> 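One structure, as structure tokens, below. Some questions next.
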Amino acid sequence: MAGQGAGRTRVEHDSMGEVRVPSGALWRAQTQRAVENFPIGGGPVPMPVVHALARIKGAAARVNVRLKVIDADAAAAIAAAAADVVAGRYDEHFPIDVFQTGSGTSTNMNVNEVLAELAARAGAEAHPNDTVNAGQSSNDAFPSAIHLAALVQCRDVLIPGLEALRDALSRKAIEFADLVKSGRTHLMDATPVTLGQEFGGYAAAVGLGIERVESAYGRVGALPLGGTAVGTGINAPAGFAAAVIADLAHETGLPLTEASNHFEAQGGRDALVELSGQLRVVAVSLTKICTDLRWLGSGPSAGLGEIALPDLQPGSSIMPGKVNPVLPEATLMVCAQVIGNDAAIAWAGAAGNFELNVMMPVIARNLIDSIRLLGNASRVLAGRCVDGITPHPDRMRAYAASSPAIVTPLAPLIGYEAAARVAKDALAHGRTIRDSVVALGYLERGELTEADLDAALDIAAMTRGAD
């Protein structure tokens with residue numbers, strides 16, 4: 001409670017009686033009860049969700065005054081207070097732990113109480129339940145806030161980060177377009193590719209991740225607001241939800257609509273589970289990319305050493321001069337966390353009983369965490385790692401030229417089994433494929449010509465396939 005009155009308290013009351021609240025706190029009785037009831041995780045509901053909930057309250061106030069549900073002074077004061085909360089000016093006044101009542105009622109009331117208190121300090125009469133919460137229930141307002149916060153964070157944090165990474169990889173794909181290297185399947189030598197083709201694949205994977213996330217926007221943007229307690233809309237004025245959602249859509253520029261079926265929209269959290277699943281796919285893609293970057297840059301002497309990642313910091317407290325692939329490793333840890341978050345979200349999403357899901361705060365925590373982590377990691381990986389990658393073309397070409405896998409284009413000319421004999425001979429005697437072809441007499445017997453051999457063993461041509 002440090003900073004909220006330094007031990008001094010005031011008395012607040014709710015329907016259960018009186019409660020002592022720190023004198024400097026903007027919250028009231030119900031929030032204080034929740035603070036005392038849930039000293040569990042040590043972290044509050046993510047602020048983007050609190051801000052989204054305040055945004056909903058501000059829009060509701062503007063609509064409620066038009067519907068003559070609350071008076072103009074209260075509406076103006078609530079809307080102004082909500083704007084300040086959205087701007088982050090009162091974040092310290094939303095202390096309730098994530099691990100609270102599964103409906104998010106405690107956080108909904110925390111926002112109601114803070115806005116009512118701010119309105120009162122501005123000279124307007126506003127009751128947390130009767131005025132700020134008018135036309136709403138925790139059961140529709142809180143999940144609507146999660147949906148809204150997720151969309152805002154995807155737009156402002158995740159997608160810009162993924163776009164930065166996609167674009168950085170695309171630039172490298174162009175820069176590395178003509179650099180031939182050995183392909184690898186099963187971690188074993190395969191026919192040649194270009195480094196540009198590999199990086200183009202990475203860029204495409206990130207681009208598809210962006211498409212996957214954005215494909216969920218329509219369903220995430222279908223808000224349960226208007227269902228109130230159980231989906232029937234009890235105590236919500238006619239037209240309330242549609243008007244509030246239109247206000248929010250105008251204010252945010254996001255594709256927000258009213259849920260087509262409020263019983264589905266409150267009984268389950270499937271759209272959030274879907275979005276989390278798309279984030280899991282992005283994490284899987286980034287895991288593959290970062291694993292490849294670590295392999296490609298491994299060494300410098302005893303690894304592949306086909307590329308050099310930027311030197312960012314000393315890599316060992318005991319081995320002088322050692323430098324590690326720190327940003328791919330950090331990103332891999334992010335991906336592990338996102339995949340774990342998704343498992344928690346899926347489990348929580350299955351916790352809908354009849355008319356309500358009762359694990360919404362933990363869904364909010366993990367979903368916002370995943371969005372933030374992936375967006376930030378992608379942005380940093382792009383700017384501090386991918387942009388600074390340099391190739392080792394001679395080493396790549398030497399690997400490709402010495403690989404037995406380049407015997408593959410000879411198979412249509414001399415047959416698969418004969419080509420396999422050439423590859424085995426090259427490995428057994430430490431020869432190139434060309435030298436083994438000569439040693440095994442294919443030119444001498446006229447089964448191949450020099451021109452055939454030159455064309456077949458053109459490693460750059462192998463990267464282009466049939467064209």
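In this text, all values refer to a predicted model and were calculated from it rather than measured experimentally.
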> Looking at Met360 and Ile146, what are the two nearest heavy atoms and their distance?
O-CD1, 3.6 Å
> Could you name each residue pair satisfying salt bridge (Lys or Arg N to Asp or Glu O under 4.0 Å) that touches residues 415-426, not counting sequence neighbours?
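Residue pairs passing salt bridge (Lys or Arg N to Asp or Glu O under 4.0 Å), neighbours aside: Asp425-Arg431.
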> For residues Asp435 and Thr432, is any side-chain donor paired with an opposing acceptor at under 3.5 Å?
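Per modelled atom types, Asp435 and Thr432 side chains form a pair under 3.5 Å.
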> Check salt bridge (charged side-chain N to carboxylate O under 4.0 Å, His left out) between Glu113 and all other residues, then give those that pass, not counting sequence neighbours.
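Counting only residues at least two positions away or on another chain, Glu113 forms no salt bridge (charged side-chain N to carboxylate O under 4.0 Å, His left out).
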> For the atom pair CD1 (Ile96) and OG1 (Thr107), what is the distance rounded to the nearest 0.5 Å?
5.0 Å
> Take a 6.0 Å sphere around CG of Asn261 and say whether it holds more than 12 heavy atoms from other residues, nucleotides or ligands.
yes
> Enumerate the side chain to side chain donor-acceptor pair (under 3.5 Å) contacts for residues 326-342, please, sequence neighbours excluded, ordered by first and then second residue.
Ser276-Asp342, Arg280-Asp342, Gln337-Asn341, Asn341-Asp369, Asn341-Ser370
> Can you list the residues that meet the side-chain contact (heavy atoms from CB on, under 4.5 Å) rule with Ser301, with sequence neighbours excluded?
none
> Rounded at 0.5 Å granularity, tell me how far CG in Leu427 sits from OG in Ser436.
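If I round to the nearest 0.5 Å, the distance is 8.5 Å.
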> Has the side chain of Ser298 got a donor or acceptor atom that lies under 3.5 Å from a matching backbone atom of Leu304?
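Yes.
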> Output yes when a side-chain donor or acceptor of Glu258 lies under 3.5 Å from a complementary backbone atom of Ala241, and no otherwise.
no
> For Asp97 and Gly42, indicate whether the former's side chain and the latter's backbone hold a donor-acceptor pair under 3.5 Å.
yes
> Who passes ring-ring contact (aromatic ring centres under 6.0 Å, His included) against Tyr399, sequence neighbours left out?
none
> Check residues 307-322 and write down every donor-acceptor pair under 3.5 Å in which the side-chain atom is one partner and the other belongs to a residue at least two apart or another chain.
{"from": "Ser316", "atom 1": "OG", "to": "Ile318", "atom 2": "N", "distance (Å)": "3.0"}
{"from": "Ser316", "atom 1": "OG", "to": "Met319", "atom 2": "N", "distance (Å)": "2.8"}
{"from": "Lys322", "atom 1": "NZ", "to": "Asn324", "atom 2": "OD1", "distance (Å)": "2.6"}

> Determine whether Asn357 and Pro143 make a side-chain contact, defined as any pair of heavy atoms from C-beta on separated by less than 4.5 Å.
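No, side chains not in contact.
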> Restricting to non-hydrogen atoms, name the atom on Leu381 and the atom on Cys290 that form the minimum distance, rounded to 0.1 Å.
CD2-SG, 3.8 Å
> Between Asn64 and Ile78, does the side-chain contact (heavy atoms from CB on, under 4.5 Å) criterion hold? Intermediate values first, please.
CA-CA 11 Å; Asn64 276 328; Ile78 292 167; over 6 Å; no
> Could you work out, with ring-ring contact (aromatic ring centres under 6.0 Å, His included) as the rule, every residue matching Phe240, not counting sequence neighbours?
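With neighbours one apart ignored, the set is empty.
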> Enumerate the ring pair (Phe, Tyr, Trp, His ring centres under 6.0 Å) contacts for residues 295-354, please, sequence neighbours excluded, ordered by first and then second residue.
none
> Is a side-chain donor or acceptor of Thr463 paired with a backbone partner of Ala460 at a separation under 3.5 angstrom?
yes
> Could you go step by step and tell me if Asn110 and His93 meet the side chain to side chain donor-acceptor pair (under 3.5 Å) rule?
CA-CA 8 Å; Asn110 186 184; His93 293 277; over 6 Å; no
> Under 3.5 Å, is there a donor on one side chain and an acceptor on the other for Arg269 and His147?
yes
> Check whether any side-chain N or O of Asp140 sits under 3.5 Å from a backbone N or O of Leu225 as a donor-acceptor pair, and report yes or no.
no
> List the residues meeting side-chain contact (heavy atoms from CB on, under 4.5 Å) with Arg212, not counting sequence neighbours, and say none if there are none.
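Arg212 satisfies side-chain contact (heavy atoms from CB on, under 4.5 Å) with Leu208, Gln278, Val281 only.
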> State, yes or no, whether a side-chain contact exists between Leu223 and Ile56 at a heavy-atom distance under 4.5 Å.
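The answer is no, as the side chains (C-beta and beyond) never meet within the 4.5 Å cut-off.
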> Evaluate whether atom CE of Met47 has more than 12 neighbouring non-hydrogen atoms of other residues, nucleotides or ligands under 6.0 angstrom away.
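Yes.
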> Show the atom names and distances, to 0.1 Å, of all donor-acceptor pairs under 3.5 Å that link a side chain in residues 149-171 to residues at least two apart or in another chain.
{"from": "Arg155", "atom 1": "NH1", "to": "Thr252", "atom 2": "O", "distance (Å)": "2.5"}
{"from": "Ser170", "atom 1": "OG", "to": "Arg166", "atom 2": "O", "distance (Å)": "2.9"}
{"from": "Arg171", "atom 1": "NH2", "to": "Asp387", "atom 2": "OD1", "distance (Å)": "3.0"}

> State the CD1-CG distance between Ile345 and Leu367, to the nearest 0.5 angstrom.
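Answer for the CD1-CG pair, Ile345 versus Leu367, is 4.5 Å.
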> For Met333, give me all partners under side-chain contact (heavy atoms from CB on, under 4.5 Å), at least two apart in sequence or on another chain.
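Met333: no side-chain contact (heavy atoms from CB on, under 4.5 Å) contacts found.
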> A quick test of your reading: do over 12 heavy atoms of other residues, nucleotides or ligands sit less than 6.0 Å from CZ of Arg294?
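Open: at most 12 neighbouring heavy atoms sit under 6.0 Å from CZ of Arg294.
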> Side chains of Val213 and Leu275: does their closest heavy-atom pair fall under 4.5 Å?
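In short, these two side chains touch, coming nearer than 4.5 Å.
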> Looking only at atom types and distance, does a side-chain atom of Lys172 sit under 3.5 Å from a main-chain N or O of Ile389, one as donor and one as acceptor?
yes
> For a 4.5 angstrom cut-off between non-hydrogen side-chain atoms, does Tyr90 reach Asp84?
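They are in side-chain contact.
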> Is it true that a side-chain atom of Asn139 and a backbone atom of Val230 form a donor plus acceptor pair closer than 3.5 Å?
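Here the side-chain-to-backbone pair does not exist.
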> Where the side chain of Ser403 meets the backbone of Ser182, is there a donor-acceptor pair that is under 3.5 Å apart?
no
> Check whether any side-chain heavy atom of Asp270 sits under 4.5 Å from a side-chain heavy atom of Glu264, and report yes or no.
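Asp270 vs Glu264: side chains touch.
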> Which residue in the set Arg395, Glu198, Arg397 passes side-chain contact (heavy atoms from CB on, under 4.5 Å) when paired with Lys181?
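Only match with Lys181 under side-chain contact (heavy atoms from CB on, under 4.5 Å): Glu198.
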> Does any pair with a residue in residues 245-288 pass ring pair (Phe, Tyr, Trp, His ring centres under 6.0 Å), and if so which ones, sequence neighbours excluded?
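Listed by first then second residue: nothing to list.
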